[in-house]
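Only this structure's heavy atoms are used, side chains among them; waters, hydrogens and symmetry mates stay out. The shown structure was predicted, so the numbers you read here are calculated from the model rather than taken from an experiment.
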Amino acid sequence: VQLQASGGGLVQTGGSLRLSCAASGRRLSSGAVGWFRQAPGKEREFVACIGQSAYNTGYTDSVKGRFTIFRDNAKNIVYLQMNSLKTDDTAVYYCAAGASASMAARDYAYWGQGTLVTVSS
């Protein structure tokens, strides 16, 4: 199983980016996908997750109302739409796949390589 995260880049405060998590060797709809991020000098933290049901989603408080996680089953891709970006959102973003939706990194067996998001003021 391989996960490929992409879509990161440099954006100004208030801008938007859409991250993609593509998988090979696994149907993402067969389980859950989580997005995590790690800012320089900080621990990796949970951002959002989606379960087998598209209605089963979760977000960390700091991104609620700004980020949306959703899945395109035909393309086997999970997206993270990020709007109203803030400088605090600057981090390497990782996608991960697991059995069920969880905020805990330990519950995800497969991880992508990360994509860098930089939000400038």
Is there a continuous path of hydrophobic side-chain contacts, each under 4.5 Å between heavy atoms, that joins [X] to [Y]?
X: Y59; Y: V119; value: yes
X: Y110; Y: I50; value: yes
X: V33; Y: F46; value: no
X: V1; Y: V78; value: yes
X: Y79; Y: M82; value: no

Ignoring hydrogens, what is the shortest heavy-atom contact between [X] and [Y]? Give both atom names and the distance.
X: L80; Y: A48; value: CD1-CB, 4.0 Å
X: G98; Y: R26; value: O-NH2, 2.9 Å
X: G8; Y: L19; value: N-CD2, 3.6 Å
X: A23; Y: L3; value: CB-CD2, 3.5 Å
X: A101; Y: A32; value: N-CB, 3.2 Å
X: N83; Y: S16; value: OD1-OG, 2.9 Å

Nearest 0.5 Å, please: how far is [atom2] in [Y] from [atom1] in [X]?
X: Q81; Y: I69; atom1: CD; atom2: CD1; value: 12.0 Å
X: D88; Y: R37; atom1: CG; atom2: CZ; value: 8.0 Å
X: S62; Y: K86; atom1: OG; atom2: NZ; value: 7.5 Å
X: T90; Y: L85; atom1: OG1; atom2: CG; value: 8.5 Å
X: C21; Y: I77; atom1: SG; atom2: CD1; value: 9.0 Å

Can a donor-acceptor pair be found, under 3.5 Å and without considering hydrogens, that links the side chain of [X] to the backbone of [Y]?
X: Q12; Y: S120; answer: no
X: T115; Y: Y93; answer: no
X: Q113; Y: A5; answer: yes
X: Y108; Y: W35; answer: no
X: N76; Y: L28; answer: yes

query = Should the pair W111 and Y94 be assigned to parallel (<30°), tilted (30 to 60°) or perpendicular (>60°) ring geometry?
reply = perpendicular

ask   = What do you reckon, is CZ of R27 surrounded by more than 12 foreign heavy atoms closer than 6.0 Å?
value = yes

message = Please check if the number of heavy atoms outside Q38 that lie under 6.0 Å from its CD is greater than 12.
response = yes

query = Would you call K64 and D61 a salt bridge, taking side-chain N to carboxylate O under 4.0 Å as the test?
reply = yes

ask   = For F36, is the NZ or CZ atom of R44 found under 6.0 angstrom from the centre of its six-membered ring and inside 45 degrees of the ring axis?
value = no

message = Run the side chain to side chain contact (heavy atoms under 4.5 Å, CB included) test on D89 and R66 for me, step by step, so that the C-alpha distance in whole Å, both residues' side-chain angles and the decisive distance to 0.1 Å come before the verdict.
response = CA-CA 11 Å; D89 296 318; R66 300 188 298 121; 2.7 Å; yes

